[in-house]
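Throughout, residue positions are numbered sequentially from 1 according to the sequence presented.
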Amino acid sequence: MSQKPVTIATIGYGYGAFLHANGYKNAGGIPIRLKTVCGVDPAAAEEFRKEYGYERICSDYADVIADPEIDLIDLAVPPRLHIPFAIRALKAGKNIIVEKPVTGFFGDGSDNIGRTISKKEMWEEMDGQLGELKKAIDESDAKFFYAEDFVYATPVQKAAEILRAKNSKIMFMNGIESIIGSTSAAAGEWKNFGGGTMMRNGIHILSTMLYLKQVEAKARGEKIRVKSVMAEMGQISKVPLKEGEKQYAQAHPNDVEDCANVILTFSDGSMCNVIGTDAVIGGSANQVTISCNDLKFEMNLTQNDLLKTYCSDDKGLDHVYWGELTPPKTGWNNVFVSDEVIRGYTGEMKSFLESIVYGKDTETSFELAYDIIRVIYAAFRSSEEGRRIELEEMK
(Lines give C-alpha, C1' and ligand atoms only; values in the text may rest on other atoms or scores of the structure.)
Protein backbone atom coordinates (compact mmCIF):
# COMPACT_ATOMS: atom_id res chain seq x y z
CA MET A 1 0.00 0.00 0.00
CA SER A 2 1.54 3.29 -1.07
CA GLN A 3 1.93 6.06 1.46
CA LYS A 4 -0.05 9.27 1.06
CA PRO A 5 2.35 12.12 0.22
CA VAL A 6 2.83 15.03 2.61
CA THR A 7 1.28 18.00 0.80
CA ILE A 8 3.28 21.20 1.23
CA ALA A 9 2.65 24.91 0.76
CA THR A 10 5.58 27.33 0.82
CA ILE A 11 4.91 30.92 1.84
CA GLY A 12 7.48 33.13 0.14
CA TYR A 13 9.94 32.59 -2.69
CA GLY A 14 13.19 34.21 -1.52
CA TYR A 15 16.52 32.76 -0.42
CA GLY A 16 15.04 30.78 2.48
CA ALA A 17 12.44 29.18 0.22
CA PHE A 18 15.19 28.29 -2.27
CA LEU A 19 17.21 26.54 0.44
CA HIS A 20 14.21 24.63 1.78
CA ALA A 21 13.08 23.59 -1.71
CA ASN A 22 16.50 22.13 -2.40
CA GLY A 23 16.23 20.34 0.94
CA TYR A 24 12.91 18.75 -0.03
CA LYS A 25 14.34 17.74 -3.40
CA ASN A 26 17.10 15.75 -1.73
CA ALA A 27 15.42 14.51 1.48
CA GLY A 28 14.08 11.27 -0.05
CA GLY A 29 12.28 8.41 1.66
CA ILE A 30 8.93 10.11 2.22
CA PRO A 31 6.69 11.04 -0.72
CA ILE A 32 5.84 14.73 -0.91
CA ARG A 33 3.53 16.85 -3.01
CA LEU A 34 4.66 20.43 -3.59
CA LYS A 35 1.28 22.05 -4.09
CA THR A 36 1.27 25.81 -3.48
CA VAL A 37 3.63 28.78 -3.56
CA CYS A 38 2.06 31.80 -1.85
CA GLY A 39 3.33 35.37 -2.17
CA VAL A 40 2.42 38.93 -3.07
CA ASP A 41 4.38 39.00 -6.35
CA PRO A 42 2.70 36.64 -8.86
CA ALA A 43 5.61 36.79 -11.31
CA ALA A 44 8.17 35.82 -8.66
CA ALA A 45 5.87 33.11 -7.28
CA GLU A 46 5.34 31.67 -10.76
CA GLU A 47 9.07 31.61 -11.46
CA PHE A 48 9.66 29.74 -8.19
CA ARG A 49 6.76 27.36 -8.92
CA LYS A 50 8.25 26.39 -12.28
CA GLU A 51 11.76 25.99 -10.88
CA TYR A 52 10.75 23.51 -8.17
CA GLY A 53 7.61 21.89 -9.59
CA TYR A 54 4.86 23.25 -7.37
CA GLU A 55 1.35 22.90 -8.76
CA ARG A 56 -0.08 26.36 -8.26
CA ILE A 57 0.46 29.86 -6.88
CA CYS A 58 -1.73 32.11 -4.75
CA SER A 59 -1.41 35.53 -3.17
CA ASP A 60 -3.50 35.12 -0.01
CA TYR A 61 -2.30 33.16 3.03
CA ALA A 62 -5.94 32.54 3.94
CA ASP A 63 -6.26 30.37 0.81
CA VAL A 64 -3.48 28.12 2.10
CA ILE A 65 -4.98 27.92 5.58
CA ALA A 66 -8.37 26.97 4.09
CA ASP A 67 -7.00 24.28 1.76
CA PRO A 68 -7.89 20.89 3.32
CA GLU A 69 -5.17 19.14 1.31
CA ILE A 70 -2.27 21.09 2.83
CA ASP A 71 -0.48 19.10 5.55
CA LEU A 72 2.57 21.30 6.04
CA ILE A 73 3.08 25.05 5.71
CA ASP A 74 6.67 26.20 5.23
CA LEU A 75 7.15 29.84 6.24
CA ALA A 76 9.85 31.65 4.25
CA VAL A 77 8.59 35.10 5.18
CA PRO A 78 10.09 38.06 7.07
CA PRO A 79 10.59 37.32 10.80
CA ARG A 80 7.90 39.80 11.87
CA LEU A 81 5.31 37.46 10.30
CA HIS A 82 6.56 34.25 11.93
CA ILE A 83 4.46 34.22 15.09
CA PRO A 84 1.14 35.51 13.66
CA PHE A 85 1.37 33.20 10.63
CA ALA A 86 2.40 30.22 12.79
CA ILE A 87 -0.45 30.73 15.25
CA ARG A 88 -3.00 30.88 12.40
CA ALA A 89 -1.62 27.65 10.95
CA LEU A 90 -1.59 25.80 14.27
CA LYS A 91 -5.17 26.86 15.05
CA ALA A 92 -6.20 25.51 11.64
CA GLY A 93 -4.49 22.19 12.38
CA LYS A 94 -1.66 22.71 9.91
CA ASN A 95 1.88 21.58 10.68
CA ILE A 96 4.18 24.60 10.44
CA ILE A 97 7.87 25.23 9.72
CA VAL A 98 9.25 28.49 11.11
CA GLU A 99 12.67 29.70 9.97
CA LYS A 100 15.23 31.20 12.30
CA PRO A 101 14.87 33.45 14.17
CA VAL A 102 11.52 32.39 15.58
CA THR A 103 10.82 36.09 16.20
CA GLY A 104 12.39 39.40 17.15
CA PHE A 105 11.30 42.86 18.26
CA PHE A 106 10.16 44.93 15.28
CA GLY A 107 8.17 47.72 16.93
CA ASP A 108 5.59 49.60 14.92
CA GLY A 109 7.74 49.84 11.81
CA SER A 110 9.39 53.08 12.88
CA ASP A 111 12.98 53.89 12.00
CA ASN A 112 15.84 53.85 14.54
CA ILE A 113 14.10 51.65 17.13
CA GLY A 114 17.45 49.96 17.74
CA ARG A 115 18.59 53.26 19.25
CA THR A 116 15.40 54.50 20.89
CA ILE A 117 13.83 51.47 22.61
CA SER A 118 15.62 49.63 25.41
CA LYS A 119 16.48 45.97 24.87
CA LYS A 120 14.84 45.15 28.21
CA GLU A 121 11.56 46.59 26.93
CA MET A 122 11.99 44.73 23.65
CA TRP A 123 12.39 41.40 25.40
CA GLU A 124 9.38 41.89 27.67
CA GLU A 125 7.11 42.40 24.66
CA MET A 126 8.65 39.50 22.75
CA ASP A 127 8.36 37.16 25.70
CA GLY A 128 4.62 37.76 25.73
CA GLN A 129 4.37 36.94 22.03
CA LEU A 130 6.42 33.79 22.49
CA GLY A 131 4.06 32.79 25.28
CA GLU A 132 1.13 33.12 22.88
CA LEU A 133 2.93 30.91 20.36
CA LYS A 134 3.69 28.29 23.03
CA LYS A 135 0.01 28.28 24.01
CA ALA A 136 -1.02 27.71 20.38
CA ILE A 137 1.51 24.86 20.08
CA ASP A 138 0.25 23.19 23.26
CA GLU A 139 -3.40 23.50 22.22
CA SER A 140 -2.94 22.23 18.67
CA ASP A 141 -2.72 18.67 17.37
CA ALA A 142 -0.41 19.99 14.63
CA LYS A 143 3.37 20.13 14.93
CA PHE A 144 5.65 23.15 15.22
CA PHE A 145 9.04 22.79 13.50
CA TYR A 146 11.90 25.20 14.09
CA ALA A 147 14.18 25.40 11.04
CA GLU A 148 17.72 25.99 12.30
CA ASP A 149 19.72 24.27 9.59
CA PHE A 150 23.10 24.26 11.40
CA VAL A 151 21.71 21.85 14.00
CA TYR A 152 21.19 19.38 11.13
CA ALA A 153 24.49 20.17 9.39
CA THR A 154 26.41 16.96 8.76
CA PRO A 155 29.47 17.89 10.91
CA VAL A 156 27.21 18.92 13.82
CA GLN A 157 25.15 15.74 13.68
CA LYS A 158 28.31 13.63 13.58
CA ALA A 159 29.70 15.54 16.55
CA ALA A 160 26.44 14.90 18.41
CA GLU A 161 26.72 11.17 17.67
CA ILE A 162 30.29 11.10 19.03
CA LEU A 163 29.31 13.10 22.13
CA ARG A 164 26.55 10.60 22.92
CA ALA A 165 28.88 7.62 22.40
CA LYS A 166 31.78 9.08 24.42
CA ASN A 167 29.62 10.69 27.12
CA SER A 168 32.04 13.62 26.99
CA LYS A 169 31.84 16.88 28.92
CA ILE A 170 32.06 20.08 26.83
CA MET A 171 34.39 22.53 28.54
CA PHE A 172 34.67 25.40 26.03
CA MET A 173 33.26 26.32 22.63
CA ASN A 174 34.38 28.99 20.20
CA GLY A 175 32.75 29.93 16.90
CA ILE A 176 32.41 32.59 14.24
CA GLU A 177 30.06 33.32 11.39
CA SER A 178 31.59 35.87 9.08
CA ILE A 179 30.08 37.14 5.84
CA ILE A 180 30.31 40.30 3.78
CA GLY A 181 27.03 42.17 3.86
CA SER A 182 23.63 40.52 3.50
CA THR A 183 21.41 39.00 0.84
CA SER A 184 18.72 41.44 2.03
CA ALA A 185 18.80 45.20 1.49
CA ALA A 186 16.66 45.54 4.63
CA ALA A 187 19.33 44.07 6.91
CA GLY A 188 20.55 47.44 8.18
CA GLU A 189 17.29 48.31 9.96
CA TRP A 190 16.27 46.86 13.34
CA LYS A 191 12.58 47.05 12.37
CA ASN A 192 13.09 44.40 9.67
CA PHE A 193 15.11 41.68 11.42
CA GLY A 194 14.86 42.45 15.13
CA GLY A 195 18.60 43.05 15.35
CA GLY A 196 21.72 42.92 13.21
CA THR A 197 24.41 40.36 12.53
CA MET A 198 23.73 38.44 15.75
CA MET A 199 20.14 37.76 14.68
CA ARG A 200 21.03 36.87 11.09
CA ASN A 201 24.45 35.23 11.38
CA GLY A 202 25.73 34.66 14.90
CA ILE A 203 22.44 32.91 15.70
CA HIS A 204 23.60 29.88 13.68
CA ILE A 205 26.74 29.46 15.77
CA LEU A 206 24.88 30.05 19.03
CA SER A 207 22.23 27.50 18.02
CA THR A 208 24.90 24.91 17.31
CA MET A 209 26.45 25.41 20.74
CA LEU A 210 23.18 25.37 22.69
CA TYR A 211 22.09 22.25 20.82
CA LEU A 212 25.34 20.38 21.56
CA LYS A 213 25.06 21.31 25.25
CA GLN A 214 21.54 19.81 25.15
CA VAL A 215 22.97 16.63 23.62
CA GLU A 216 25.66 16.48 26.32
CA ALA A 217 23.17 17.08 29.13
CA LYS A 218 20.80 14.36 27.91
CA ALA A 219 23.63 11.84 27.43
CA ARG A 220 25.05 12.49 30.90
CA GLY A 221 21.70 12.79 32.69
CA GLU A 222 22.43 16.38 33.69
CA LYS A 223 20.45 19.61 33.66
CA ILE A 224 22.48 22.37 32.01
CA ARG A 225 21.28 25.89 31.32
CA VAL A 226 22.81 29.21 30.30
CA LYS A 227 23.64 31.07 33.49
CA SER A 228 24.91 34.43 32.24
CA VAL A 229 25.70 36.44 29.10
CA MET A 230 28.24 39.18 28.39
CA ALA A 231 28.48 40.95 25.05
CA GLU A 232 30.12 43.78 23.15
CA MET A 233 28.58 44.94 19.86
CA GLY A 234 29.29 47.70 17.39
CA GLN A 235 29.52 48.87 13.80
CA ILE A 236 32.98 48.13 12.45
CA SER A 237 31.90 49.13 8.95
CA LYS A 238 31.69 52.71 10.29
CA VAL A 239 35.42 52.78 11.06
CA PRO A 240 36.79 55.92 9.34
CA LEU A 241 38.26 55.10 5.94
CA LYS A 242 39.77 57.25 3.24
CA GLU A 243 38.18 57.86 -0.16
CA GLY A 244 38.17 54.61 -2.14
CA GLU A 245 38.99 52.36 0.83
CA LYS A 246 35.44 51.18 1.43
CA GLN A 247 34.63 49.70 -1.99
CA TYR A 248 34.60 46.10 -0.73
CA ALA A 249 32.43 46.55 2.38
CA GLN A 250 28.81 45.56 1.76
CA ALA A 251 27.35 45.99 5.26
CA HIS A 252 25.26 49.13 5.66
CA PRO A 253 24.00 49.15 9.26
CA ASN A 254 21.78 51.95 10.50
CA ASP A 255 20.51 51.07 13.98
CA VAL A 256 21.87 47.49 14.14
CA GLU A 257 25.23 45.91 14.94
CA ASP A 258 27.50 44.55 12.22
CA CYS A 259 29.88 42.91 14.69
CA ALA A 260 29.03 41.03 17.89
CA ASN A 261 31.15 39.20 20.45
CA VAL A 262 29.12 37.19 22.98
CA ILE A 263 30.39 35.16 25.96
CA LEU A 264 28.13 32.60 27.64
CA THR A 265 28.65 30.87 30.98
CA PHE A 266 26.66 27.70 31.61
CA SER A 267 25.37 26.41 34.93
CA ASP A 268 27.99 23.61 34.90
CA GLY A 269 30.81 26.18 34.64
CA SER A 270 31.58 25.61 30.96
CA MET A 271 31.79 28.62 28.64
CA CYS A 272 31.50 29.59 25.00
CA ASN A 273 32.35 32.52 22.76
CA VAL A 274 30.28 33.50 19.71
CA ILE A 275 31.37 36.01 17.08
CA GLY A 276 29.07 37.23 14.36
CA THR A 277 29.95 39.80 11.73
CA ASP A 278 28.76 40.80 8.29
CA ALA A 279 31.45 43.37 7.58
CA VAL A 280 34.45 41.15 6.86
CA ILE A 281 35.70 40.38 3.35
CA GLY A 282 36.56 36.88 2.12
CA GLY A 283 33.18 35.28 1.57
CA SER A 284 31.15 33.20 3.99
CA ALA A 285 32.97 31.43 6.84
CA ASN A 286 31.28 29.43 9.60
CA GLN A 287 33.59 27.68 12.01
CA VAL A 288 32.98 26.08 15.40
CA THR A 289 35.52 24.52 17.80
CA ILE A 290 34.29 22.30 20.63
CA SER A 291 36.77 21.39 23.39
CA CYS A 292 35.77 18.54 25.70
CA ASN A 293 37.46 16.73 28.58
CA ASP A 294 38.63 13.94 26.25
CA LEU A 295 38.15 15.09 22.65
CA LYS A 296 37.97 18.12 20.39
CA PHE A 297 35.92 18.99 17.31
CA GLU A 298 36.85 21.55 14.66
CA MET A 299 33.93 22.09 12.30
CA ASN A 300 34.10 24.00 9.02
CA LEU A 301 30.47 24.40 8.05
CA THR A 302 31.49 26.88 5.34
CA GLN A 303 33.94 27.56 3.79
CA ASN A 304 35.01 23.98 3.25
CA ASP A 305 37.57 22.97 0.68
CA LEU A 306 35.78 20.08 -1.03
CA LEU A 307 36.09 22.00 -4.28
CA LYS A 308 38.58 24.74 -5.04
CA THR A 309 38.32 26.61 -8.33
CA TYR A 310 40.42 29.10 -10.20
CA CYS A 311 38.53 31.05 -12.88
CA SER A 312 40.21 33.55 -15.18
CA ASP A 313 36.82 35.13 -15.85
CA ASP A 314 33.18 34.54 -14.91
CA LYS A 315 31.82 34.03 -18.43
CA GLY A 316 28.85 31.62 -18.43
CA LEU A 317 28.64 31.45 -14.62
CA ASP A 318 25.74 33.84 -14.02
CA HIS A 319 23.35 31.06 -12.99
CA VAL A 320 25.86 28.73 -11.33
CA TYR A 321 25.46 28.68 -7.53
CA TRP A 322 28.87 29.48 -6.06
CA GLY A 323 27.86 30.01 -2.44
CA GLU A 324 26.21 32.55 -0.17
CA LEU A 325 27.67 36.06 -0.52
CA THR A 326 30.88 34.82 -2.10
CA PRO A 327 33.48 37.19 -3.47
CA PRO A 328 33.82 37.39 -7.29
CA LYS A 329 33.94 34.00 -9.02
CA THR A 330 37.27 34.87 -10.58
CA GLY A 331 40.55 33.84 -8.98
CA TRP A 332 40.69 31.14 -6.32
CA ASN A 333 37.43 30.20 -4.56
CA ASN A 334 36.05 27.51 -2.29
CA VAL A 335 32.78 26.62 -4.02
CA PHE A 336 29.83 25.33 -1.96
CA VAL A 337 29.31 21.64 -2.80
CA SER A 338 26.14 19.78 -1.80
CA ASP A 339 25.29 22.87 0.22
CA GLU A 340 21.76 21.71 1.03
CA VAL A 341 23.19 18.54 2.63
CA ILE A 342 26.31 19.85 4.39
CA ARG A 343 24.60 22.91 5.89
CA GLY A 344 21.63 20.83 7.05
CA TYR A 345 18.66 21.82 4.89
CA THR A 346 18.14 18.28 3.65
CA GLY A 347 18.48 16.88 7.15
CA GLU A 348 16.01 19.27 8.71
CA MET A 349 13.38 18.76 6.00
CA LYS A 350 13.77 14.99 6.30
CA SER A 351 13.44 15.23 10.08
CA PHE A 352 10.26 17.33 9.85
CA LEU A 353 8.68 14.98 7.29
CA GLU A 354 9.53 11.93 9.42
CA SER A 355 7.97 13.63 12.44
CA ILE A 356 4.71 14.12 10.53
CA VAL A 357 4.58 10.60 9.11
CA TYR A 358 6.20 8.52 11.87
CA GLY A 359 5.83 10.74 14.94
CA LYS A 360 9.60 11.00 15.47
CA ASP A 361 11.04 13.75 17.64
CA THR A 362 13.05 16.48 15.92
CA GLU A 363 16.35 17.97 17.10
CA THR A 364 14.94 21.52 17.23
CA SER A 365 12.16 22.05 19.75
CA PHE A 366 10.26 25.23 20.61
CA GLU A 367 12.28 25.30 23.84
CA LEU A 368 15.53 25.53 21.84
CA ALA A 369 14.08 28.29 19.65
CA TYR A 370 12.97 30.18 22.78
CA ASP A 371 16.33 29.83 24.55
CA ILE A 372 18.20 31.05 21.47
CA ILE A 373 16.19 34.28 21.28
CA ARG A 374 16.35 34.81 25.03
CA VAL A 375 20.15 34.52 24.98
CA ILE A 376 20.49 36.87 21.99
CA TYR A 377 18.35 39.55 23.61
CA ALA A 378 20.30 39.09 26.85
CA ALA A 379 23.40 39.79 24.74
CA PHE A 380 21.77 42.92 23.32
CA ARG A 381 20.99 44.05 26.87
CA SER A 382 24.51 43.29 28.05
CA SER A 383 26.04 45.40 25.28
CA GLU A 384 23.58 48.23 25.81
CA GLU A 385 23.81 48.29 29.61
CA GLY A 386 27.54 47.51 29.81
CA ARG A 387 27.21 44.62 32.26
CA ARG A 388 26.81 40.87 32.63
CA ILE A 389 23.19 39.72 32.31
CA GLU A 390 22.04 36.84 34.47
CA LEU A 391 19.50 34.74 32.56
CA GLU A 392 17.22 34.85 35.60
CA GLU A 393 16.64 38.49 34.62
CA MET A 394 15.17 37.40 31.28
CA LYS A 395 12.14 35.63 32.71
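- Judged by distance alone, the side chains of S168 and D294 do bring a donor and an acceptor atom under 3.5 Å apart.
- With 3.5 Å as the limit, one finds a donor-acceptor pair spanning the side chains of N112 and N254.
- In plain terms, the two heavy atoms of I290 and V288 that are nearest each other are CD1-CG1, 3.5 Å.
- Residues V151 and T208 fail the side-chain proximity criterion, which asks for heavy atoms closer than 4.5 Å.
- In this pair, F366 and Y370 present their aromatic rings tilted. The plane angle is within the 30 to 60° band.
- A donor-acceptor pair shorter than 3.5 Å cannot be found between the side chains of N26 and Y345.
- The closest side-chain donor-acceptor pair between Y152 and T364 falls under 3.5 angstrom.
- The aromatic rings of Y15 and F18 sit tilted, their planes meeting at an angle between 30° and 60°.
- A cation-pi arrangement, defined by a distance under 6.0 Å to the six-membered ring centre and an angle within 45 degrees of its axis, is absent between K143 and F352.
- Side-chain N/O atoms of Q157 and Y211 include a donor and acceptor closer than 3.5 Å.
- Considering only heavy atoms from C-beta on, V256 stays 4.5 Å or farther from E189 through its side chain.
- The closest side-chain donor-acceptor pair between S382 and K119, if any, does not fall under 3.5 angstrom.
- Using bins of under 30°, 30° to 60° and over 60° for the plane-to-plane angle, the ring pair F336/Y321 lands in the perpendicular bin.
- Between R374 and D371 there is a salt bridge, since at least one side-chain N of the basic residue sits less than 4.0 Å from a carboxylate O of the acidic one.
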